[in-house]
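This report refers to the structure that appears directly beneath it.
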Protein chains: 4
Amino acid sequence: MDKKQRIIDAAIQLYLKNGIEKTTISHIVKEAGIAQGTFYLYFPTKLAVMPAIAEQMVATVHEKLMQIDRNATIREKMLNCINILFSNTNTYQELTKLIYTGFTQTEEVKQWEKIYSPLYAWVFEVIEEAQSNDEVDGKLDAKVVARIIIGAIESTAEQIYLFDDSPITQVEHVKDNLLRFILNGLN
Amino acid sequence: MDKKQRIIDAAIQLYLKNGIEKTTISHIVKEAGIAQGTFYLYFPTKLAVMPAIAEQMVATVHEKLMQIDRNATIREKMLNCINILFSNTNTYQELTKLIYTGFTQTEEVKQWEKIYSPLYAWVFEVIEEAQSNDEVDGKLDAKVVARIIIGAIESTAEQIYLFDDSPITQVEHVKDNLLRFILNGLN
Amino acid sequence: MDKKQRIIDAAIQLYLKNGIEKTTISHIVKEAGIAQGTFYLYFPTKLAVMPAIAEQMVATVHEKLMQIDRNATIREKMLNCINILFSNTNTYQELTKLIYTGFTQTEEVKQWEKIYSPLYAWVFEVIEEAQSNDEVDGKLDAKVVARIIIGAIESTAEQIYLFDDSPITQVEHVKDNLLRFILNGLN
Amino acid sequence: MDKKQRIIDAAIQLYLKNGIEKTTISHIVKEAGIAQGTFYLYFPTKLAVMPAIAEQMVATVHEKLMQIDRNATIREKMLNCINILFSNTNTYQELTKLIYTGFTQTEEVKQWEKIYSPLYAWVFEVIEEAQSNDEVDGKLDAKVVARIIIGAIESTAEQIYLFDDSPITQVEHVKDNLLRFILNGLN
DNA sequence: GATGAATGAGATTTCATTCAT
DNA sequence: CATGAATGAAATCTCATTCAT
């Protein structure tokens with residue numbers, strides 16, 4: 001019923017399956033079951049759909065993060081965070097990368113900060129709280145480190161899922177090292 | 001004079017300026033100053049140029065890494081590495097991401113490992129050597145952590161240079177945190 | 001308030017600014033501040049607005065012609081007529097031509113005669129009266145010459161205002177020649 | 001063989017038959033027997049073909065004018081000129097008007113002067129020569145009057161052929177009046 | 001009467017690819 | 001090897017028109 005949402009859903013499907021390059025507006029409208037011209041009522045180009053897609057994906061991840069027990073240890077929180085982001089990268093395959101690319105190409109880069117901020121904020125709060133308990137190196141700038149950690153997790157997940165073809169068991173080994181490295185990093 | 005190299009140079013210029021999506025073979029040949037048909041003597045598609053571009057970029061970074069004093073402390077080595085990768089990201093803007101995207105779209109993903117491996121290898125050796133001196137947590141898998149570190153540095157640099165518009169002074173602050181986090185992480 | 005008039009006004013604005021070809025019904029309704037469907041309550045196509053536009057323009061010119069003193073000499077009348085038509089062409093720029101084009105394209109050509117007839121009639125009466133006073137060559141068919149004169153004035157004005165970029169002073173020189181030529185022609 | 005010429009010829013055919021508004025680039029390439037993309041190698045839009053069409057039409061008229069005996073009387077020259085322009089307007093139906101419209105819409109108005117100038121030049125020379133023989137009012141500016149005459153002839157022809165539905169015999173009557181009026185005008 | 005979201009046929013436009021030179 | 005005009009399939013984009021509200 002909501003044409004805009006149907007466009008977004010169709011775009012996600014097709015970007016995931018075929019990549020942005022090979023996806024056309026014609027494909028999107030066909031998948032969405034709407035008329036050709038209707039697309040242009042909501043988006044000027046196929047890349048202009050990206051911010052909407054990104055918002056949706058980040059919202060999904062954020063929701064999962066919010067379900068983590070606030071009283072858990074920082075180790076448990078980070079472990080959960082790693083699992084959620086890895087799972088997300090795995091599910092959405094190249095979507096994360098495509099969102100980056102889509103953004104930078106549409107020059108709507110400024111929106112990125114805003115859209116991604118809930119994730120940064122969650123890690124930031126975890127770190128800050130842990131710093132107040134002396135569980136984490138107080139000299140680190142929690143805001144900056146939150147971004148570093150999110151980046152490290154995502155880039156590692158991407159290396160695993162997009163560029164590697166190691167067996168699944170390997171994944172756990174990488175996660176162990178990543179968790180250890182991050183906890184070390186926070187001290 | 002060397003047509004192939006001129007195609008690569010032109011492609012880099014245009015991918016950086018307009019993104020892969022909007023760059024066409026027609027643009028590339030025009031920028032390269034060669035005939036339309038000549039492109040096909042060297043590359044089958046515009047995405048097939050990506051591996052050549054990636055190789056060139058990685059070679060540049062690797063060369064700089066090799067100039068770092070082998071006897072420096074791990075702190076100095078990591079500091080240098082951060083500076084080199086940040087500078088590279090800044091210079092090449094979105095090229096790193098585009099290389100990822102380009103690769104995943106051409107299904108030549110396997111080449112990525114091979115091309116990027118000199119960078120991983122350099123960090124790997126630094127860590128391993130430090131582990132043998134007990135400077136670094138021996139329980140970490142040096143091969144895995146090398147990738148985590150490269151990923152963390154690159155993603156942080158991207159956040160800074162692509163998605164942020166903070167003043168330059170901010171960059172140093174982020175680098176400080178990143179270095180501290182990584183050194184913590186290794187120990 | 002009167003939707004029909006708002007459509008006509010908007011159409012004039014846009015036809016003048018962008019030409020008929022590039023003006024769309026969507027543009028017109030937007031300019032008129034009415035809904036898309038409302039246009040069709042008053043006109044079947046965008047060209048069907050032309051007769052209404054023409055009528056309005058001719059009425060304006062005719063009104064000015066009627067204000068000329070009936071007892072003036074034929075020289076004064078022709079001078080006034082030239083000034084009015086020049087001023088009209090200047091104001092409405094290409095509208096005259098567009099009206100022609102619009103008409104011929106809609107096959108509503110027959111209306112043209114009817115709409116333009118007040119202008120022809122005015123000149124016709126001036127000539128006929130002058131012929132009865134022996135001020136004008138009695139062998140000329142007043143009806144035909146009226147059209148020739150209107151045509152000559154308009155085409156000259158168009159050449160000046162649409163296709164020339166001479167300074168204003170030039171205009172007076174052309175008008176002098178035109179008046180002299182017409183008065184010669186009549187006698 | 002010459003694709004550009006084939007585009008021009010096809011465009012003339014179709015503009016004459018259906019008007020500019022209803023003619024599409026698709027029609028033109030089909031009529032010209034060339035590929036869709038080929039059109040864009042030569043013209044950016046369908047209106048950009050107009051100057052080329054105008055040039056061709058003016059060249060045809062000019063050629064006929066040049067065949068008029070240089071030693072003929074001014075009456076004979078003007079009579080011939082009227083016949084040629086009437087015949088041209090009759091043959092090309094609305095093309096003259098369409099050229100105007102096409103021009104003004106493409107903002108290539110400046111070219112008009114240049115393209116039309118051979119016709120003006122011909123009349124100019126006729127008048128000037130006649131002025132030197134005292135056959136024509138020496139106070140008239142030959143350059144200006146040349147344009148007035150061309151304009152008067154064309155607009156009268158257009159009124160006849162485009163907007164009137166009088167029987168053919170009428171045409172001769174109008175021509176008589178036009179010639180008489182012009183000769184009077186020149187004195 | 002008035003609205004304006006939706007339509008989809010059909011227009012414009014692009015661009016990878018070919019091939020005779 | 002190199003060229004670049006030509007191609008035409010396929011993309012984007014437009015816009016007159018409809019119709020449920």
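In what follows, chains are A, B, ... by sequence order, proteins preceding strands, each numbered from 1. Keep in mind it's a predicted model, so treat the numbers as computed, not measured.
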Task: Watson-Crick or G-U wobble partner of F/dA20, both distances under 3.5 Å - done: E/dT3
Open item on the list: Does F/dA10 have its OP1 or OP2 closer than 4.0 Å to a side-chain nitrogen or oxygen of A/T24?
Closed with: no
Task: Which nucleotide in F/dT18, F/dG4, E/dT3 has an atom nearest any side-chain atom of B/A35 - done: F/dG4
Open item on the list: Any carboxylate oxygen within less than 4.0 angstrom of a Lys/Arg side-chain nitrogen, looking at C/R6 and C/E31?
Closed with: no
TODO: Tell me the partner of F/dT12, counting only Watson-Crick (N1-N3 plus N6-O4 or O6-N4) or G-U wobble (N1-O2 and O6-N3) with both under 3.5 Å; none if nothing fits.
DONE: E/dA11
Task: Toward the 5' end of DNA chain F, by each residue's nearest nucleotide, D/Y42 or A/K46 - done: D/Y42
Task: Nearest-neighbour nucleotide for the D/S26 side chain, E/dT12, F/dT18, F/dT12 considered - done: E/dT12
Task: Nearest listed nucleotide, side chain of C/Q36, among E/dT17, F/dT17, F/dT7 - done: F/dT17
Task: A/T38 or D/I25, whichever maps to the more 5' nucleotide of DNA chain E - done: A/T38
Task: Side-chain donor-acceptor pair present, B/Q36, B/S26, cut-off under 3.5 Å - done: yes
Open item on the list: With a 4.0 Å limit, can you tell me whether B/K3 has a side-chain N or O closer than that to the phosphate oxygens OP1/OP2 of F/dT3?
Closed with: yes
- [ ] State whether D/E21 and C/K46 are salt-bridged, where the test is any N-O pair (Lys NZ or Arg NE/NH1/NH2 against Asp/Glu carboxylate O) under 4.0 Å.
- [x] yes
Task: Rounded distance in Å - CD1 (C/I7) to P (F/dA16) - done: 13 Å
